[in-house]
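A short write-up of the structure that comes next.
Sequence positions, counted from 1, serve as the residue numbers for this chain.
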Amino acid sequence: AFERATGDVYGYINSDDFLFPGALQTVGKTYAAGAKWVLGWVQTIEADGGEWPQLPGTMAGASDWFVRNPVPQQASFWAAELWKRLGPFKEEFRYAFDYEFWLRIRFQAGVSPTVVHKCLGSYRLHESSKTVSEWELFEPEFEKSRAIHLPMLTAKQRREVRRKRRLKEFERERVLGWQALKKSDV
């Protein structure tokens, strides 16, 4: 799709997403100031009408990128030169093609996002969206993306990834344990 693009900045939204007024102006100003990758936050709209913000995740260290995808796709815009240098989304990915591309930008090109403290867009959660109806299929592709890029990290950074992933798994198990206890009302 971007092969025919002619602009200096790329980004995309899906059919159930939208950009907020002023989003492209914010991105343009930030790009003009020197940013190669602009990232804001998005508003999530649930099927029942509830709303909540999705902020960019922690990106303090390289390991943070290998625990969770920190980038809300609807609020991510990158320089066309990055797309041309790093290549297109990998077609073998259906669920994590954007995450895999973010990892390329961050670790192959060495570009960190410039975070703007503004809501740039929104996405809707509904029964037929991939995020809701096929969520269990995302994690295997996230893992494959991480495996491709993990060798780019130093040994120390890889140890930190393992440590943070163990903590994430511990937290998941803790939550599941509490949920099980609540259900049985022990």
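Note: the hydrophobic cluster containing V111 also contains I148 (ILVMFWY, side chain heavy atoms under 4.5 Å, direct or indirect links). A single hydrophobic cluster is seen to contain both Y12 and F138, as judged by linkage of ILVMFWY side chains at heavy-atom distances under 4.5 Å, directly or through other members. Under the 4.5 Å side-chain heavy-atom criterion for Ile, Leu, Val, Met, Phe, Trp and Tyr, V42 and W52 are members of the same hydrophobic cluster. Taken together through direct or relayed side-chain contacts under 4.5 Å among Ile, Leu, Val, Met, Phe, Trp and Tyr, L150 and L167 form parts of separate hydrophobic clusters.
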- Message: The test is ring pair (Phe, Tyr, Trp, His ring centres under 6.0 Å); show your working for F89 and W83 and say whether it passes.
- Response: CA-CA 9 Å; F89 293 136; W83 181 268; 4.9 Å; yes

- Item | Criterion side-chain contact (heavy atoms from CB on, under 4.5 Å) on F93 and K144, from CA distance to verdict | CA-CA 9 Å; F93 290 106; K144 186 176 177 184; 3.8 Å; yes

- Item | Worked check of side-chain contact (heavy atoms from CB on, under 4.5 Å) between R146 and Y99 | CA-CA 9 Å; R146 292 171 183 136; Y99 177 52; 3.0 Å; yes

- Query: Is there a side-chain contact (heavy atoms from CB on, under 4.5 Å) between R94 and L137 once you walk through the steps?
  - Reply: CA-CA 9 Å; R94 172 170 161 76; L137 301 174; over 6 Å; no

- Task: List the steps and the verdict of side-chain contact (heavy atoms from CB on, under 4.5 Å) for R174 and E171.
- Result: CA-CA 5 Å; R174 187 186 69 77; E171 178 61 19; 2.6 Å; yes

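Apart from V27 itself, the hydrophobic cluster it occupies contains V9, I13, L19, L24, Y31, V38, F77, V116, L120, where clustering links Ile, Leu, Val, Met, Phe, Trp and Tyr at side-chain heavy-atom distances under 4.5 Å.
To the nearest 0.5 Å, atom OG1 of residue T30 and atom CG of residue L39 are 11.0 Å apart. Annotation: the span from W37 atom CH2 to S76 atom OG amounts to 5.5 Å, rounded to 0.5 Å. Here CD of E143 is found 4.0 Å from CZ of R165. Values are rounded to the nearest 0.5 Å. Atom CZ in R159 sits 7.0 Å away from atom CZ in R162 (nearest 0.5 Å). Note: W102 CH2 to F107 CZ = 14.5 Å, rounded to the nearest 0.5 Å. For the atom pair L82 CG and Y10 OH, the distance stands at 10.5 Å (nearest 0.5 Å).
Without hydrogens or angle criteria, E51 side chain to Q43 main chain gives no donor-acceptor distance under 3.5 Å. The backbone N or O of H149 lies less than 3.5 Å from no partner atom in the side chain of Q108, so there is not a single donor-acceptor pair. Q74 contributes no side-chain N or O that, together with a main-chain N or O of G121, makes up a donor-acceptor pair within less than 3.5 Å.
Residues E100 and R104 are paired through a salt bridge, judged by an N-O separation under 4.0 Å between the basic side chain and the carboxylate. Salt bridge annotation for E160-R163: present, with a cationic side-chain nitrogen under 4.0 angstrom from a carboxylate oxygen.
Side chains of Y123 and Q54: a donor on one and an acceptor on the other come within 3.5 Å.
In plain terms, the two heavy atoms of D17 and R124 that are nearest each other are N-NH1, 4.0 Å. Here the closest heavy-atom approach between residue W41 and residue P56 is recorded as CB-CD, 3.8 Å. Taking all atoms of both residues into account, the shortest heavy-atom contact from C119 to F20 is SG-CE2, 3.3 Å.
Outside the 6.0 Å centre-distance limit, the rings of F97 and Y95 are not counted as a close aromatic pair.
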Can you give each donor-acceptor pair under 3.5 Å made by side-chain atoms of residues 64-72, sequence neighbours left out, with the distance rounded to 0.1 Å?
unit_1, atom_1, unit_2, atom_2, d
D64, OD1, K164, NZ, 2.5
D64, OD2, A60, N, 3.0
D64, OD2, G61, N, 2.9
N69, OD1, V71, N, 3.0

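R166 pairs by the side-chain hydrogen bond (donor to acceptor under 3.5 Å, both in side chains) definition with nothing, not counting sequence neighbours.
Residue K168 qualifies as enclosed at atom NZ: its count of foreign heavy atoms under 6.0 Å is above 12. Summarising the local packing, CD of E92 is surrounded by more than 12 heavy atoms from other residues, nucleotides or ligands at distances under 6.0 Å.
At a threshold of 4.5 Å between non-hydrogen side-chain atoms, the residues M59 and S112 do not count as touching.
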